[in-house]
Amino acid sequence: MKDERAMTENEFLWNKAPQQVPYPTALAQMEAQARGIRAGTAPERVWLLEHPPTYTAGTSARDSDLFNPRGYPTYPAGRGGQWTYHGPGQRVAYAMLDLTRPRAMVPPRDLRAYVHALEEWIIRTLARFGVTGERRAERIGVWVVDPATGREEKIAAIGVRVSRWVSWHGIAINVDPDLSDFGGIVPCGISEYGVTSLAKLGKRVSMEDVDTALAETWESCLGPIRGARE
């Protein structure tokens with residue numbers, strides 16, 4: 001009988017959903033994948049997708065930070081953080097990884113280094129389009145300074161859950177979403193700063209362009225994509 005764990009260690013799934021994925025469907029698939037990775041019966045996976053307009057609540061979300069004037073679905077996410085909006089025009093990338101393994105910027109079992117690597121992945125992806133993404137010690141996510149206004153605004157969110165050293169959830173980059181939908185929440189509990197996108201910054205970038213950049217910058221941040229397949 002073949003060793004299933006050895007087989008999955010040599011596989012890596014890099015998938016892109018062909019259509020919008022409802023949040024509960026994505027949550028169930030992520031949880032199942034993470035369970036299989038822990039058991040050694042499923043390969044690691046990066047899943048690129050878009051959601052229909054949705055608000056998700058992290059474990060620190062406050063009811064007072066949800067306004068939702070358009071009545072979009074709301075769901076508990078089980079990840080860290082507060083309220084987040086997902087919708088068309090936003091590239092979501094969910095990473096289901098075995099964090100007991102070392103990878104480019106991440107020693108084994110180092111959650112802080114993993115979050116740092118996700119931030120770096122976003123920053124290097126944005127740099128492909130001439131956008132300077134920055135970290136802020138007191139604020140989660142990746143931020144940019146709009147050259148037209150000088151205002152700091154958030155361009156990408158990070159939300160992570162780790163179960164027995166297997167990660168799920170991931171990142172969301174605003175490519176060209178309807179930014180007015182962020183007005184239905186206090187994004188990540190931060191009311192002092194706005195939200196931006198590549199389109200708002202004047203970058204004519206397709207979702208396919210972003211996907212290519214994400215694939216090309218992954219290895220330097222989070223290691224080789226071993227035998228990656230769709």
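Computed over heavy atoms, backbone and side chain alike; hydrogens, waters and symmetry mates excluded. Since this is a predicted model, take the numbers as computed values, not measurements.
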I'd like to know if the side chain of [X] reaches the main chain of [Y], judged simply by a donor and an acceptor atom lying under 3.5 Å from each other, with no hydrogens or angles considered.
X	Y	result
E44	D98	yes
R91	L49	yes
S206	D209	yes

Closest approach of [X] and [Y], non-hydrogen atoms and distance?
X	Y	value
S64	F67	O-CE2, 3.5 Å
P43	E11	CB-CB, 3.6 Å
I158	I140	O-CG1, 4.1 Å
Y94	H86	OH-NE2, 4.3 Å
W121	L214	NE1-O, 2.9 Å
T54	Y75	CG2-CD1, 3.5 Å

Among D178, N174, D181, N68, exactly one meets side chain to side chain donor-acceptor pair (under 3.5 Å) together with Y85. Which residue is that?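 Of all the options given, the one that passes is D181.
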Output yes when [X] and [Y] qualify as a salt bridge under the 4.0 Å nitrogen-oxygen rule, no when they do not.
X	Y	answer
E219	R103	no
R139	E152	yes
R151	E153	yes
E216	R124	no

What I'd like to find out is whether the side chain of V160 reaches to under 4.5 Å of the side chain of H169, using heavy atoms alone.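 A side-chain contact is absent here, since even the closest heavy-atom pair is not under 4.5 Å.
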Side chain to side chain, K203 and V205, heavy atoms closer than 4.5 Å: yes
To the nearest 0.5 Å, atom CE of M207 lies from atom OG1 of T212 at 12.0 Å
I need the K16 NZ to D211 CG distance, nearest 0.5 Å.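 Between K16 NZ and D211 CG, I get 4.5 Å after rounding to 0.5 Å.
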Do the side-chain N and O atoms of T59 and R161 include a donor-acceptor pair separated by under 3.5 angstrom? no
Checking side-chain polar atoms at under 3.5 Å, does R70 have a donor or acceptor matched by the opposite partner on S180? yes
Check: W218 ring centre within less than 6.0 Å of W14 ring centre: yes
Where do T56 and W83 land on the side-chain hydrogen bond (donor to acceptor under 3.5 Å, both in side chains) test, with the steps shown first? CA-CA 6 Å; T56 67; W83 286 103; over 6 Å; no
Parallel, tilted or perpendicular for Y193 and W143, by the 30°/60° rule? perpendicular
Determine, step by step, whether V92 and H51 satisfy the side chain to side chain contact (heavy atoms under 4.5 Å, CB included) criterion, reporting the C-alpha distance in whole Å, the side-chain angles of both residues, the deciding distance to 0.1 Å, and the verdict. CA-CA 8 Å; V92 174; H51 289 301; 4.2 Å; yes
Would one find more than 12 heavy atoms of other residues, nucleotides or ligands at under 6.0 Å from atom CZ of R136?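 Buried by this count: over 12 neighbours within 6.0 Å.
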